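Below is one structure, written out as structure tokens, with a few remarks after it.
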Protein chains: 2
Amino acid sequence: MQKNKFFFIEDFLPYILTQAAETVSANFQVFYKGKYGILRTEWRVLFHLGNFGQMTARDIGINAKTHKTKISRAVFRLEKKKYLKRTTSEEDRRIEFLSLTEKGVGVYNDLKKEAEGFEKRITKNFTESEVLALRKCLKKLEANFD
Amino acid sequence: MQKNKFFFIEDFLPYILTQAAETVSANFQVFYKGKYGILRTEWRVLFHLGNFGQMTARDIGINAKTHKTKISRAVFRLEKKKYLKRTTSEEDRRIEFLSLTEKGVGVYNDLKKEAEGFEKRITKNFTESEVLALRKCLKKLEANFD
DNA sequence: ATATAACAGTTGTTTTTGTAACTAACAACA
DNA sequence: TGTTGTTAGTTACAAAAACAACTGTTATAT
């Protein structure tokens, strides 16, 4: 009892999902790349630390589903920019605790404002329940792969 | 009259959108990359030609919002694999019409089946109207950048 | 204890992408 | 014509991502 006999790429969910994500990301990166010269993974690390406080590279990688080499290099660059500092754990010297410097917090706070403004603008023609439903669907979609 | 005083990265729409897209794409690429060794842009070109018939690289690029160098390289690889052929236009010799070979159509048909199955599986726990609403929201979101 | 496996994070190499500069063809207009 | 601008597509080089192999450390188990 299939309704649509034909395949349309423009209705293929993975395609429109990726297209929407790429368009939104390309427009959002103007802020962090344009203002601070950082890449997407660096933005993610910055925002994890700004949002959750001190974390290890490992835990950021798990939470953001990002490979450890990507995290490692992002941490290196953020450190070089003096946005974050590392502290080796006393109990387990493999682990490094990462946290934002004062400068990093400043950048985080500025980019947080930009993020809030950006989200508002791109959902200007959405009802509040539409935004909530969209968030819910995206999370549910992703949870299907755990 | 703002409700949420705090910023949570896990509720930031561009972030969860990108996360969902990356997770879905990573799982879907297993089919085209695993079975036929092609990349995402090659999949897109293949599916544009399979879906719409003969097209120019330019028009695929416009429709898929993909840079011409990416398209150019994807076309080159698909040609090398004998999935598509080029025909230079008689009226304007800058233009090449691209179309799938018989082999390319075979690959397209197989991957189309996989795509349909994949979409069904990832939306198994969605109601039909949820899927429709999700598609609509994603398209609306993207249209905000035109 | 000590060998082995597991883990956190880094480094090296290859593949892919991004960007700019390029070629070849057409268009417009003096 | 011929000069200038635009367009379709390619190529060259630099930046970034993917993947595998590595270092140093801790956990496990004989």
Side-chain angles (χ1 to χ4, degrees), chain A residues 18-19 21-23 25-30 32-34 36-45 48-49 54-81 84-99, chain B residues 18-19 21-23 25-30 32-34 36-45 48-49 54-81 84-99:
Chain A
T18 300
Q19 291 294 71
E22 284 178 1
T23 298
S25 291
N27 282 275
F28 182 59
Q29 75 159 357
V30 171
Y32 56 82
K33 196 175 185 183
Y36 300 102
I38 62 177
L39 302 170
R40 191 191 295 181
T41 309
E42 291 161 54
W43 180 90
R44 284 182 185 172
V45 170
H48 270 77
L49 296 176
Q54 191 180 73
M55 287 182 84
T56 64
R58 176 180 177 275
D59 290 338
I60 296 174
I62 290 170
N63 195 268
K65 291 191 180 171
T66 304
H67 195 272
K68 60 183 179 176
T69 61
K70 252 174 131 176
I71 301 285
S72 174
R73 281 164 174 146
V75 167
F76 176 78
R77 287 178 184 178
L78 290 173
E79 191 188 27
K80 208 170 63 179
K81 279 187 186 301
L84 68 73
K85 54 182 180 298
R86 320 188 192 217
T87 321
T88 304
S89 164
E90 292 297 327
E91 298 93 47
D92 185 342
R93 296 212 312 290
R94 288 172 299 184
I95 294 172
E96 292 177 329
F97 296 114
L98 307 171
S99 54
Chain B
T18 300
Q19 291 294 70
E22 284 178 1
T23 299
S25 291
N27 281 275
F28 182 59
Q29 74 160 357
V30 170
Y32 56 81
K33 196 176 185 182
Y36 299 102
I38 62 177
L39 302 170
R40 191 189 296 181
T41 308
E42 291 161 53
W43 181 88
R44 285 183 184 171
V45 170
H48 271 77
L49 296 176
Q54 191 180 74
M55 287 181 84
T56 65
R58 175 180 177 276
D59 290 338
I60 297 174
I62 291 170
N63 193 269
K65 291 192 180 171
T66 305
H67 196 272
K68 60 183 180 177
T69 60
K70 252 174 131 176
I71 301 286
S72 174
R73 283 161 177 151
V75 168
F76 176 79
R77 287 177 183 179
L78 289 173
E79 191 188 29
K80 208 171 63 179
K81 279 188 186 303
L84 68 73
K85 54 183 180 297
R86 319 187 191 216
T87 322
T88 303
S89 164
E90 293 296 328
E91 297 95 46
D92 185 342
R93 296 211 314 290
R94 286 172 301 183
I95 293 173
E96 292 177 329
F97 296 115
L98 307 171
S99 53

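Here the structure is a predicted model, which is why all the values come from computation and not from measurement. Order of the sequence lines sets the chain letters (A, B, ...), proteins ahead of strands, with each chain counted from 1.
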Stepwise side chain to side chain contact (heavy atoms under 4.5 Å, CB included) test for A/Leu78 and A/Leu98: CA-CA 11 Å; A/Leu78 290 173; A/Leu98 307 171; over 6 Å; no
Comparing A/Gln29 and A/Phe76 on DNA chain C - which has the more 5′ nearest nucleotide: A/Phe76
Sugar-phosphate, base or nothing in reach of A/Ile71, heavy atoms under 4.0 Å: nothing
Distance in angstrom units between A/Lys68 NZ and D/dG24 P, rounded: 15 Å
Touch class at under 4.0 angstrom, heavy-atom based, for A/Thr41 against every strand present: nothing
Atom pair distance, as rounded to whole Å: CZ in B/Arg40 and P in D/dA17: 13 Å
Mutual orientation of the aromatic rings belonging to A/Trp43 and A/Tyr32 [parallel < 30°, tilted 30-60°, perpendicular > 60°]: tilted
Exercise: do A/Ser89 and A/Asp92 side chains pair donor with acceptor under 3.5 Å: no
Rounded distance in Å - CZ (A/Arg94) to C1' (D/dT25): 5 Å
Integer-rounded Å distance: C/dA6 P and A/Ile95 CD1: 18 Å
First encountered from the 5' end of DNA chain C, between A/Arg73 and A/Phe97: A/Phe97
Protein-nucleotide distance (A/Arg44, atom CZ; D/dA16, atom P), rounded to Å: 16 Å
Atom-pair distance (NE2 on B/His67; C1' on D/dA15), nearest Å: 15 Å
Sugar-phosphate, base or nothing in reach of B/Glu91, heavy atoms under 4.0 Å: sugar-phosphate
Residue B/Thr69, side-chain heavy atoms: nucleotide from D/dC19, C/dA20, C/dT16 that is nearest: C/dA20
Distance test, side-chain N/O of B/Ser72 to OP1/OP2 of D/dT10, below 4.0 Å: yes
B/Ser72 (side chain) donor-acceptor with B/Lys68 (main chain) under 3.5 angstrom: no
Interatomic distance, B/Leu84 CG vs D/dG9 P [rounded to whole Å]: 12 Å
A/Lys70 and B/Glu22 ion-paired at < 4.0 Å: no
First of B/Glu96 and B/Lys33 reached from the 5' end of DNA chain D, by closest nucleotide: B/Glu96
Side-chain N,O (B/Lys70) to OP1/OP2 (C/dG18) below 4.0 Å: yes
B/Arg93 side-chain N/O to C/dA25 phosphate OP1/OP2 under 4.0 Å: yes
Closest to side chain of A/Leu39, choosing from D/dA17, C/dT17, D/dT10: D/dA17
Interatomic distance, A/Asp92 CG vs C/dA8 C1' [rounded to whole Å]: 8 Å
